[in-house]
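Read the structure below first, then the notes.
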Amino acid sequence: MNLEIKNNQGVYEIHGDFINEQTNQVAIYFNKLLDTYYEVVVCLKHVTKVDETALNVMKFISDKAKRRSKVLFVLGEENLSICEQFKHANLNSLFKKDYH
């Protein structure tokens with residue numbers, strides 16, 4: 001399944017397979033958002049699968065947000081198809097539950 005990023009009223013939803021072939025697209029997209037906005041909300045609820053490269057991209061995005069003193073909300077911890085990979089990569093702390 002292809003990957004698509006949708007802006008849903010300021011929440012940037014990633015839909016589809018977040019895997020090696022599409023990770024560069026995601027890195028570039030969110031890199032630009034972090035250059036532009038103070039707060040970025042990423043939703044992973046509609047991601048069907050992730051791989052190690054995708055996890056590295058999420059770590060890169062998170063690290064850039066911290067370096068730039070930006071606020072990054074990552075939603076989608078309840079997505080069981082990706083939850084285990086994030087847990088094994090020690091990236092569970094990226095998920096936030098308090099965004100409305």
Side-chain angles (χ1 to χ4, degrees):
M1 177 180 215
N2 286 337
L3 178 127
E4 187 177 2
I5 302 171
K6 298 180 181 180
N7 181 351
N8 184 2
Q9 299 176 359
V11 176
Y12 296 91
E13 300 176 348
I14 300 176
H15 291 254
D17 295 342
F18 185 10
I19 55 174
N20 189 32
E21 296 82 22
Q22 290 92 0
T23 53
N24 193 41
Q25 171 191 352
V26 174
I28 291 169
Y29 190 90
F30 286 100
N31 197 26
K32 287 180 184 176
L33 286 177
L34 287 170
D35 286 342
T36 308
Y37 299 105
Y38 170 73
E39 178 180 292
V40 175
V41 183
V42 181
C43 179
L44 302 176
K45 291 178 185 176
H46 306 287
V47 172
T48 50
K49 61 181 165 179
V50 295
D51 63 9
E52 188 174 332
T53 309
L55 295 170
N56 288 333
V57 167
M58 290 306 299
K59 183 165 179 17
F60 164 78
I61 292 168
S62 173
D63 290 347
K64 179 172 182 171
K66 287 176 189 169
R67 279 193 312 274
R68 297 265 180 107
S69 299
K70 306 284 180 132
V71 178
L72 178 70
F73 286 97
V74 180
L75 309 175
E77 187 174 27
E78 67 277 3
N79 182 345
L80 298 179
S81 15
I82 65 168
C83 187
E84 279 302 310
Q85 288 103 322
F86 274 82
K87 196 179 293 183
H88 287 338
N90 287 328
L91 293 175
N92 257 14
S93 62
L94 291 181
F95 290 110
K96 307 287 189 256
K97 296 177 182 170
D98 55 356
Y99 181 78
H100 300 284

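Here the structure is a predicted model, which is why all the values come from computation and not from measurement.
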Listed pairs under 3.5 Å, donor-acceptor, residues 73-82 side chains, sequence neighbours left out:
| residue | atom | partner | partner atom | Å |
| --- | --- | --- | --- | --- |
| E77 | OE1 | K97 | NZ | 3.4 |
| N79 | OD1 | S81 | N | 3.0 |
| N79 | OD1 | S81 | OG | 2.7 |
| N79 | ND2 | L44 | O | 2.9 |
| N79 | ND2 | K45 | O | 3.2 |
| N79 | ND2 | V47 | O | 2.8 |

Gap between atom [atom2] of [Y] and atom [atom1] of [X] - 0.5 Å precision:
X: L3; Y: T48; atom1: CG; atom2: OG1; result: 8.5 Å
X: E39; Y: L72; atom1: CD; atom2: CG; result: 9.5 Å
X: M58; Y: F95; atom1: CE; atom2: CZ; result: 7.0 Å
X: F18; Y: D51; atom1: CZ; atom2: CG; result: 8.5 Å
X: I61; Y: N56; atom1: CD1; atom2: CG; result: 11.0 Å
X: Y12; Y: L33; atom1: OH; atom2: CG; result: 5.0 Å

Subject >> Steps toward side-chain contact (heavy atoms from CB on, under 4.5 Å) verdict (N31, F60) >> reply: CA-CA 9 Å; N31 197 26; F60 164 78; 4.1 Å; yes
**OP:** Could you state whether I19 and I28 fall into the same hydrophobic cluster, counting links through intermediate Ile, Leu, Val, Met, Phe, Trp or Tyr residues with side-chain heavy atoms under 4.5 angstrom apart?
**Re:**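 I19 and I28: separate clusters.
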Quick one: does [X]'s side chain get under 4.5 Å of [Y]'s, heavy atoms only?
X: L34; Y: R68; answer: no
X: Y29; Y: I14; answer: no
X: K59; Y: L91; answer: yes

Original post:
Is it true that D63 and R67 have a side-chain N and a carboxylate O under 4.0 angstrom from each other?
Top reply: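 Looking at R67 together with D63, the answer is no, because their closest N to O distance does not fall below 4.0 Å.
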Original post:
What heavy-atom pair brings K64 and D35 nearest, and what distance separates the two atoms?
Top reply: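 Closest approach of K64 to D35, heavy atoms only: NZ-OD1, 2.8 Å.
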Original post:
Do other residues, nucleotides or ligands put more than 12 heavy atoms under 6.0 Å from E52 CD?
Top reply: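 Check fails, neighbour count at 12 or below.
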Original post:
For L55 and Q85, what are the C-alpha separation, side-chain angles and deciding distance, and is it a side-chain contact (heavy atoms from CB on, under 4.5 Å)?
Top reply: CA-CA 8 Å; L55 295 170; Q85 288 103 322; 4.1 Å; yes
